[in-house]
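In the text below, chain A, chain B and the rest are named by the order of the sequence lines, each starting its count at 1.
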Protein chains: 2
Amino acid sequence: MSLTIEHAQALSEGLVDIGTAAEASGVSIKMIRHYETLGLLGNVPRTATNYRMYQPQHLHVLRFIARSRKLGFSIEEIRALLGLWQDRQRPSAAVKEIAAAHIHDLQARIAELQGMVDTLSQLTGCCAGDSRPECPILADLAGGADLTGGDPLMTACHT
Amino acid sequence: MSLTIEHAQALSEGLVDIGTAAEASGVSIKMIRHYETLGLLGNVPRTATNYRMYQPQHLHVLRFIARSRKLGFSIEEIRALLGLWQDRQRPSAAVKEIAAAHIHDLQARIAELQGMVDTLSQLTGCCAGDSRPECPILADLAGGADLTGGDPLMTACHT
DNA sequence: ATATTGTCTCCCATCATTGGAAGGTCAAGT
DNA sequence: ACTTGACCTTCCAATGATGGGAGACAATAT
C-alpha cells in the first residue's frame, strides 16, 4: 500500500501525529495507543522513524469510540459497532439490537441503584442525625440478615 | 487471650468454620478471607491446623458487610460504618452523613446512566431496525462523519 | 485405609483507564 | 551544536469487588 514516509511530509499530506490526534479527538495519548493494541484502529501508518501518523479516518474512529464510551458501551460493544459502521451493507437492525440490549443493561443498573436510594432515603429520613447514638441506619445494617418478614424500619419509624 | 484449639473442640464451643460462616452470612468464602485481609473482621481465631473459626460476633459483622454492600456502600464506607457501629457513643449524625453522601453519589450515577438511556432511546426510536443500512445510531456515534458515505439527512428525526 | 470433601495460601483474571518509570530516538527552536 | 519537548517501546502498578484455579494439607465418611 503506502510506504513509510517522513514526518514533515506526512504532516503536509494531512496526517497528524498522536499528540494532535489526542487533542482533536478528545482521547488521551495513552488511550489512543491502548485502543490500537485492542485492534480498534486498524493499521496506523508510521513514519520512517516509527511515529504514528493518523488520517482523518482514524480521527473519526477515535471520536466514534469517545462518543460510544460516553454512552456507556463496553469495548467489545464498540468493536461490534465499529464493524457495523464500516460495513455499508449492515442492516440497521443489527445496530439497533446492540443499542437495545445496552439500554436494557443500563436500565437494570438504574433500577438497582434506585432501589438502594429508596431504601437509604427511608433510613436517613428516620435517622435523627443528631448527637444521640440511636440510629435506624445502623440498626438496619446490623439486622440485615434478619429481614425475612417485614421491614424493621417501618415499625421503628413513624414519620 | 485464647490459645489455638482443635477443630472439633472449637465447633463444640459454638465457633464455626469458614464454610458455615459463608452459608450463615451470605458472604462467599473468598470474600470472607478478603474482608479479613482488609482488616474488617479483626482477629479471627485459628485452630492448631490453621483453620479459621468464627464467633457469632464475626457473623454479625459479615452480615453487616453484606447488607451494606447490597446498599452500594464501598469498602471504605463500610469500614467507617463498622467503626461507628461498634462505638456506642457515636452520634447518629455521623452515620447519617455517610449515608447522605452515598445517596448523593448514587443519584449522580443514576443521572449519568439515565442520560445515556435518554440519548440511546431517542436514537433507537429513530432507527428503523430493518434490513436497510441507514442507521441514525451509527450516524450519531460517528458524529456526522459517515465512512459509508451515507446521506447526513438521515440523521434527522422528528419524533 | 481410602475416598471425598473442606480448607489453606498464593497467583491470576476481570473491566476500562490512568499513571509512572526506564531507556531511547527524533523534531524543532535558539 | 545544543536543548527542549514530543514521541517511541515495554513493563509495572493501581483502581474495586469478585471469582477461578493450582497444589498442599486436614477433616470426615465409608
Side-chain angles (χ1 to χ4, degrees), chain A residues 4-12 15-40 44-54 62 65-79 102 105-106 109 112-113 116, chain B residues 4-12 15-41 44-54 62 65-80 102 105-106 109 112-113 116:
Chain A
T4 58
I5 52 184
E6 296 304 323
H7 191 235
Q9 180 187 354
L11 287 176
S12 68
L15 289 85
V16 296
D17 59 29
I18 198 171
T20 308
E23 209 171 339
S25 65
V27 179
S28 70
I29 291 178
K30 278 276 191 182
M31 293 312 295
I32 290 178
R33 290 195 276 241
H34 182 54
Y35 292 147
E36 183 183 339
T37 68
L38 296 180
L40 297 182
V44 176
R46 302 286 188 117
T47 66
T49 54
N50 211 27
Y51 274 37
R52 292 172 178 85
M53 298 303 294
Y54 297 91
L62 288 173
I65 295 172
R67 173 74 171 148
S68 300
R69 288 293 304 143
K70 280 180 191 163
L71 290 176
F73 286 105
S74 70
I75 294 297
E76 289 313 307
E77 285 170 329
I78 293 171
R79 189 190 305 278
H102 183 48
D105 288 348
L106 290 172
R109 288 158 62 188
E112 191 181 1
L113 295 177
M116 298 177 186
Chain B
T4 59
I5 51 183
E6 296 303 323
H7 190 234
Q9 179 188 354
L11 288 175
S12 68
L15 288 85
V16 296
D17 59 30
I18 199 170
T20 308
E23 208 172 340
S25 65
V27 179
S28 71
I29 292 177
K30 281 281 189 181
M31 291 313 295
I32 291 178
R33 289 196 277 242
H34 183 54
Y35 293 147
E36 182 183 339
T37 68
L38 295 179
L40 297 183
L41 285 175
V44 176
R46 302 285 189 119
T47 67
T49 56
N50 212 28
Y51 275 35
R52 292 171 177 87
M53 298 304 293
Y54 297 91
L62 287 173
I65 295 173
R67 175 69 172 153
S68 300
R69 287 293 306 140
K70 280 180 191 160
L71 291 177
F73 285 105
S74 69
I75 294 298
E76 289 313 307
E77 285 169 329
I78 293 171
R79 189 191 305 276
H102 182 48
D105 288 348
L106 290 172
R109 286 158 63 189
E112 190 180 4
L113 295 177
M116 298 177 186

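Between the NZ atom of A:K30 and the P atom of D:dA6 there is a distance of 16 Å, rounded to whole Å. Here the P atom of nucleotide C:dG29 and the NE2 atom of A:H7 are 12 Å apart, to the nearest Å. Here C:dA16 presents its P atom at 9 Å from CG of A:L38, a figure rounded to the nearest Å. Between A:H34 atom NE2 and D:dT15 atom C1' there is a gap of 14 Å when expressed in whole angstrom units.
A:I65 contributes atom CD1, which lies 9.0 Å from atom CE of A:M31 (distance to the nearest 0.5 angstrom). In this structure, A:L113 CG and B:L71 CG are separated by 11.5 Å, a value rounded to the nearest 0.5 Å.
Ionic pairing of B:R33 and B:E36 is not present here: no N-O contact between side-chain nitrogen and carboxylate oxygen is shorter than 4.0 angstrom.
Checking C:dC26, D:dG19, C:dT7 against every side-chain atom of B:M31, the shortest atom distance belongs to D:dG19. Comparing C:dT17, D:dA26, D:dC8 by their closest approach to the side chain of A:R69 singles out C:dT17. Distance from the side chain of B:R52 is smallest to C:dT9 among D:dA27, D:dA17, C:dT9.
Within 4.0 Å of B:R33, counting heavy atoms only, lies at least one base atom of the nucleic acid. Among the atoms of the strands shown, only primed sugar atoms or phosphate atoms (P, OP1, OP2) are found under 4.0 Å from some heavy atom of A:Y35.
Annotation: of the two residues near DNA chain D, B:I75 and A:G19, the 5′-most nearest-nucleotide partner is A:G19.
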